[in-house]
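One structure is given here, and the rest of the page talks about it.
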2 protein chains.
Amino acid sequence: MTDTDDHGTLEPEQLGAYFALMEAVSLLQHSVEQQLRAEGDLSWVQFQLLARLADAHGQLTMTALADGVVYSRSGLTYQAAQLERAGLVTRAPSSDDERVTLVTITPAGLERVAAVLPGHIEVARRLLFDPLADDDLHHLGDIMTRVRDHMRAQPPRSAAPRKRRTPTDELTDPDAAQT
Amino acid sequence: MTDTDDHGTLEPEQLGAYFALMEAVSLLQHSVEQQLRAEGDLSWVQFQLLARLADAHGQLTMTALADGVVYSRSGLTYQAAQLERAGLVTRAPSSDDERVTLVTITPAGLERVAAVLPGHIEVARRLLFDPLADDDLHHLGDIMTRVRDHMRAQPPRSAAPRKRRTPTDELTDPDAAQT
DNA sequence: TATTGTTATACTCTATAACTATA
DNA sequence: TATAGTTATAGAGTATAACAATA
């Protein structure tokens, strides 16, 4: 609050934008998680995994599936196990490379996504789109797309021990198969 | 006329903006959490609580402190206990109303915030501000502020059992005294 | 040897409900 | 009775490290 708030040359406006962004998304995510849990018994992460699978012709490797959604390998194993237990995906070793596990979304999984999506979108609309003009939305999409791509391109700071290559692309670029 | 009454019809652009937003913030939050943990041994929630206290002349009631940061009362009690154990805050009953617990940030708490803030801002700058022009940032701040305020004004869907008023304000709008 | 994925384990966090104490 | 906060407890999720199997 003093006059010499030299936080490394960051304008108050920047800080305001940053905190508004974080808080708004936090609120949005909380609402969205409640909707997903109530209407589909899914966590946000699980929904993302299913959506990604649905988007990728129904099948991805564990590694491809993990990117950008989950930040540790074991975390994905855990979530995949949950989804499998719920009958929403199956797992099977790839015949190409026996080390690889192919995760496949089941009809029930597709159904679940379809069942949850309208309510999900409704929440997003009510909280996010309603207060925005078309122009705002266009701007927001443009800005956040650029930010996201920038973030993906950032090298991992503390050089992760293992794979940790640059996050996801399969969602928008399905043929990014691994070697 | 598919824009107003048609519920399932979300423009692809809207959906794209929504997912870009969620993914970008998720990446940002992950980076920010790593920085806070590494440089200050704080979680994002804990940082927010401390920042809020610092912003509010160092002292708030549990209820005021909870708003928008934590979504259950016991959750705040837990976090406050962690912060107290770390010597970053103290808790004491208010003399006005003996039911109320006043949380006060300690000098060590203020130090911790000060120690963590530059690195925190640096992460935000690198990931969020760098790819944006001044104009973008202005837009983003404007948009997200409006969205956040809209969200705060939304009535809680499943009528929360107790207090649950509209979230945070003290951080950017310090005179938002508690109810 | 490098890579894919799983397991074991420990820990953090969150939420619900029951409870205490004060107004 | 209503409100502020705590406690007990249970469950979801995450991360690290050790491991097995395949390339």
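Here is how names work: the chains are called A, B, and so on, in the same order as the sequence lines, proteins then strands, and each is numbered from 1. Owing to the predicted nature of the structure, the values given are computational and were not obtained by experimental measurement.
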Would you classify [X] as touching base, sugar-phosphate or nothing, given that sugar-phosphate means primed atoms plus P, OP1 and OP2, and contacts are heavy atoms under 4.0 Å?
X	answer
A:T77	base
B:E33	nothing
A:Q82	nothing

Check this for me: does the side-chain of [X] come within 3.5 Å of the base of [N] through a donor and an acceptor?
X	N	value
B:T63	D:dA4	no
A:R73	C:dG5	yes
A:S74	D:dT16	yes

Item to check | Closest non-hydrogen atom pair between B:D130 and A:H150, with its separation | outcome: CB-NE2, 4.0 Å
Item to check | Any A:R37 side-chain nitrogen or oxygen under 4.0 Å from OP1 or OP2 of C:dT14 | outcome: no
Next on the checklist: Whether A:Q46 contacts D:dA12 is assessed here as follows: a side-chain N or O lying under 4.0 Å from the phosphate OP1 or OP2. Is that the case?
Outcome noted: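 No, outside the criterion.
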Candidates [options] - which lies nearest the side chain of [X]:
X	options	answer
B:R99	C:dT22, C:dC13, D:dG5	C:dT22
A:Y78	D:dA12, D:dA15, D:dT6	D:dA12
A:Q79	D:dG5, C:dT12, D:dG13	D:dG13
B:E98	C:dT22, D:dT14, D:dT6	C:dT22

Checklist entry - Does CG belonging to B:D134 count more than 12 external heavy atoms closer than 6.0 Å? => result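 No.
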Next on the checklist: Going by side chain to side chain contact (heavy atoms under 4.5 Å, CB included), B:W44 matches just one of B:H30, B:Q29, B:R37. Which one?
Outcome noted: B:Q29
Next on the checklist: So does A:L53 get a backbone contact from the side chain of A:Q59, meaning a donor-acceptor N/O pair under 3.5 Å?
Outcome noted: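 Not a single qualifying donor-acceptor pair exists.
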Starting at atom [atom1] of [X], determine the distance to atom [atom2] of [N], rounded to an integer number of angstrom.
X	N	atom1	atom2	answer
B:F47	C:dT12	CZ	P	21 Å
B:L49	C:dC13	CG	P	11 Å
B:L76	C:dA15	CG	P	12 Å
B:L36	C:dC13	CG	C1'	16 Å
B:L65	D:dG5	CG	P	10 Å
B:R91	D:dA4	CZ	P	17 Å
A:D96	C:dT4	CG	P	14 Å
A:M62	D:dA21	CE	C1'	15 Å

Checklist entry - When you match A:S95 and A:S43 each to their closest nucleotide on DNA chain D, which lands nearer the 5' end? => result A:S43
Checklist entry - Do we see a donor-acceptor contact under 3.5 Å between the side chains of A:Q46 and A:Q79? => result yes
Next on the checklist: Taking the nucleotide of DNA chain C with the nearest heavy atom to each, does B:D97 or B:V45 sit closer to the 5' end?
Outcome noted: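 Its nucleotide being nearer the 5' end, the pick is B:V45.
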Next on the checklist: Salt bridge or not between B:D149 and B:R152? Use side-chain N to carboxylate O under 4.0 Å.
Outcome noted: yes
